[in-house]
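This report refers to the structure that appears directly beneath it.
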2 protein chains.
Amino acid sequence: MIRVMVIDDHDVVRKGLIAYLQTDEEIDVIGEASSGYEGATLVIRDKPDVVLMDLKMENGSGIDATADIMKGHQACKVIILTSFYDDEMLFPALEAGAYSYLLKTAKADDIVSAIKKAYEGERVIEPKVASRMMEGYHKKEAERHDSLTDREMEVLLLIGHGMTNQEISEKLYIGIKTVKTHVSNILSKLDLNDRTQAAVYVHQQKLL
Amino acid sequence: MIRVMVIDDHDVVRKGLIAYLQTDEEIDVIGEASSGYEGATLVIRDKPDVVLMDLKMENGSGIDATADIMKGHQACKVIILTSFYDDEMLFPALEAGAYSYLLKTAKADDIVSAIKKAYEGERVIEPKVASRMMEGYHKKEAERHDSLTDREMEVLLLIGHGMTNQEISEKLYIGIKTVKTHVSNILSKLDLNDRTQAAVYVHQQKLL
DNA sequence: GGCAATATCAGTCTTAAGACTGAGAAGAAA
DNA sequence: TTTCTTCTCAGTCTTAAGACTGATATTGCC
């Protein structure tokens with residue numbers, strides 16, 4: 001039996017996924033969690049063979065949770081499940097220790113298959129995503145140098161929501177001076193003139 | 001038995017949802033579809049009591065599919081399932097004939113409950129969404145009356161390009177004071193706080 | 001003619017933005 | 001250990017933004 005844990009903040013998806021997985025004889029769902037933090041804790045305690053992890057969750061991202069898991073239970077195979085539009089997260093996910101990377105548009109049986117393959121030591125990277133990876137690789141290689149840090153990207157996305165520096169500082173629990181520093185660095189790195197152009201950038205690059 | 005059909009282009013979600021629903025004794029899943037078009041056809045042919053419809057699908061939206069269904073099988077209760085960020089689709093959905101409107105962050109049992117309620121003639125509108133609806137209602141009511149003038153729309157789009165007041169004034173051959181007046185009126189009419197939010201608005205409403 | 005909507009612009013005032021300089025702390029990498 | 005990066009924050013200074021009030025010209029409508 002492959003011991004599996006499902007982490008997804010969408011109750012519908014999680015319960016459904018579990019119900020479907022239970023129909024397979026080789027799979028045993030030993031636990032579930034609705035947040036990355038809770039999930040990481042459970043994984044380290046119960047040490048499942050495979051974890052199905054939603055990438056985007058309200059309380060803490062799947063990336064962070066994956067990184068936490070790898071610290072406490074390195075043998076675990078984390079399969080990232082993601083919706084279509086965040087394939088730019090593939091690299092951070094793999095870097096954090098994710099084993100496979102699937103789109104939610106994948107067939108349900110592909111998920112089951114990916115679990116079994118992961119258990120046997122074979123990675124599955126969604127073809128669509130993999131091809132984009134190759135396209136974007138060289139570009140990003142050049143851009144990466146003077147690219148945004150994690151924190152800066154975080155701030156940039158909040159600007160893309162239309163937030164002021166004050167609001168961002170409250171959201172991130174940091175000083176407004178710090179936010180201003182981040183914003184200045186963002187504008188400088190992306191060669192933009194003001195936050196409005198930054199917001200436009202976010203939407204044109206479909207970062208949101 | 002309540003005869004249910006599930007329409008969702010995410011195979012994981014669909015299969016999972018079905019597997020979960022089948023565990024309920026009162027519910028019988030009689031069909032499924034991975035696109036709105038295919039789903040509408042099946043619904044009209046097999047006439048289920050309740051339809052679970054994903055709002056965002058790759059091939060044709062859930063709104064259109066719902067409208068099609070209501071033309072061919074009006075007694076059908078369509079429950080819209082949606083992710084968190086498209087509550088602006090509530091009105092179009094209800095207009096198209098949707099019966100209930102749930103977020104995917106809802107508990108799995110809430111979905112089951114919503115199906116039973118729909119079958120018995122009771123609507124379920126997600127509270128979070130409903131409250132926003134009330135907020136947005138008057139706004140939209142007022143918006144249609146004194147929506148933006150041609151000139152204001154012109155200015156709004158330039159803001160959406162990331163231009164400053166100075167640049168806009170040069171582009172339109174008018175004084176910067178005039179631009180400021182337009183901007184103030186735009187922000188007031190659209191209930192926004194600053195030009196950054198205006199730029200975000202432009203892109204979210206796909207005006208550019 | 002009178003009326004309403006629109007577009008234009010002035011003046012004043014307050015504040016958020018952003019540039020620039022400098023610097024301390026933590027962590028990773030060499 | 002030293003070095004580098006990142007994240008944090010302070011202080012100063014300049015300017016663009018935006019609110020508010022008020023004014024004039026034009027157009028179309030009743």
Side-chain angles (χ1 to χ4, degrees), chain A residues 60-61 63-64 66-68 70-71 74 91-92 94-97 140-202, chain B residues 142-202:
Chain A
S61 83
I63 302 283
D64 295 336
T66 302
D68 287 344
M70 295 320 285
K71 284 178 196 160
Q74 216 191 326
F91 273 120
L94 294 180
E95 202 171 358
K140 283 181 180 171
E141 201 64 18
E143 278 171 357
R144 273 287 155 78
H145 265 253
D146 50 316
S147 175
L148 304 185
T149 65
D150 291 350
R151 198 54 154 173
E152 285 163 355
M153 179 56 74
E154 204 170 354
V155 171
L156 176 60
L157 294 183
L158 294 178
I159 292 175
H161 275 105
M163 295 175 81
T164 63
N165 290 336
Q166 181 65 43
E167 289 167 339
I168 293 173
S169 79
E170 287 165 8
K171 173 93 176 174
L172 299 181
Y173 302 107
I174 57 180
I176 194 171
K177 288 289 189 181
T178 307
V179 177
K180 282 190 170 196
T181 302
H182 288 316
V183 172
S184 282
N185 290 335
I186 290 167
L187 296 180
S188 170
K189 285 183 180 179
L190 299 181
D191 197 26
L192 302 170
N193 294 316
D194 52 52
R195 70 195 301 107
T196 305
Q197 290 190 355
V200 172
Y201 178 88
V202 166
Chain B
E143 257 174 16
R144 298 214 170 111
H145 268 247
D146 55 317
S147 73
L148 304 185
T149 65
D150 292 348
R151 198 56 157 173
E152 284 164 354
M153 180 56 74
E154 204 171 353
V155 171
L156 176 60
L157 294 183
L158 294 178
I159 292 175
H161 276 105
M163 296 174 78
T164 63
N165 289 337
Q166 181 65 45
E167 289 167 339
I168 293 174
S169 80
E170 288 165 6
K171 172 94 176 174
L172 299 180
Y173 303 107
I174 57 179
I176 194 173
K177 288 290 187 181
T178 307
V179 177
K180 283 191 168 193
T181 303
H182 288 315
V183 173
S184 282
N185 290 333
I186 291 167
L187 297 180
S188 170
K189 285 184 180 179
L190 300 182
D191 197 26
L192 302 171
N193 294 317
D194 52 52
R195 70 196 303 109
T196 305
Q197 290 190 355
V200 171
Y201 178 88
V202 166

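The chains referred to below are lettered A, B, ... by the order of the sequence lines, with proteins before strands, and numbering in each begins at 1.
When rounded to the nearest whole Å, the span between CG of A:L192 and C1' of C:dA17 equals 15 Å. Here the P atom of nucleotide C:dT6 and the CG atom of B:D150 are 9 Å apart, to the nearest Å. Rounding to whole angstrom units, CD1 of residue A:I176 and P of D:dC7 are separated by 19 Å. Taking atom CG of residue B:N193 and atom P of nucleotide C:dT15, one finds them 16 Å apart after rounding to whole Å. Distance A:N185 CG to C:dC20 C1': 12 Å, rounded to the nearest Å. Here the P atom of nucleotide D:dT5 and the NZ atom of A:K189 are 11 Å apart, to the nearest Å. At whole-Å resolution of the value, CD1 in B:I168 and P in D:dG18 are 10 Å apart. Rounded to whole Å, atom P of D:dG18 lies 10 Å from atom CD1 of B:I186.
Under 4.0 angstrom from either OP1 or OP2 of C:dT8 there lies at least one side-chain N or O belonging to B:H182. Here A:R195 does not reach the OP1 or OP2 of C:dA16: none of its side-chain N or O atoms lies under 4.0 Å away. For C:dC9, the OP1/OP2 oxygens have a side-chain nitrogen or oxygen of B:T178 closer than 4.0 Å. Taking 4.0 angstrom as the limit, B:N165 places a side-chain polar atom (N or O) nearer than this to OP1 or OP2 of D:dA17. For C:dA19, the OP1/OP2 oxygens have a side-chain nitrogen or oxygen of A:S184 closer than 4.0 Å. In this model, the phosphate group of C:dA7 is approached by a side-chain N or O of B:T149 to a distance below 4.0 Å at OP1 or OP2.
Proximity note for A:D194 (side chain, C-beta onward) versus D:dT8, C:dG18, C:dA7: the nearest is C:dG18. Here D:dA19 is the nucleotide among D:dA19, C:dA7, C:dG18 with the atom lying nearest to any side-chain atom of B:L187. Residue A:I174 has its side chain nearest to D:dT8 when only D:dA17, C:dG18, D:dT8 are considered.
Scanning atom types as modelled, one donor and one acceptor separated by under 3.5 angstrom connect the side chain of A:K177 and the base of D:dT12. One donor-acceptor pair, N or O on each side, does fall under 3.5 Å between the base of D:dC9 and the side chain of A:T181. For a distance-only test at 3.5 Å, the side chain of A:K180 qualifies as a donor-acceptor partner of the base of C:dA17.
Of the two residues near DNA chain C, A:T196 and B:G175, the one whose nearest nucleotide lies more 5' is B:G175.
B:R195 has its side chain within reach of B:N165: a pair of non-hydrogen atoms, C-beta onward, lies under 4.5 Å apart. Counting heavy atoms from C-beta outward, A:R151 and A:I174 have side chains that approach closer than 4.5 Å. Using a 4.5 Å heavy-atom cutoff, the side chains of A:V155 and A:L148 are not in contact. Counting heavy atoms from C-beta outward, B:L156 and B:M153 have side chains that approach closer than 4.5 Å.
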Point to revise | Test side chain to side chain contact (heavy atoms under 4.5 Å, CB included) applied to A:T149 and A:K189, step by step | key: CA-CA 10 Å; A:T149 65; A:K189 285 183 180 179; 4.0 Å; yes
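Under the side-chain contact (heavy atoms from CB on, under 4.5 Å) test applied with B:Y201, the options B:T196, B:D191, B:I186, B:L190 reduce to a single match, B:L190.
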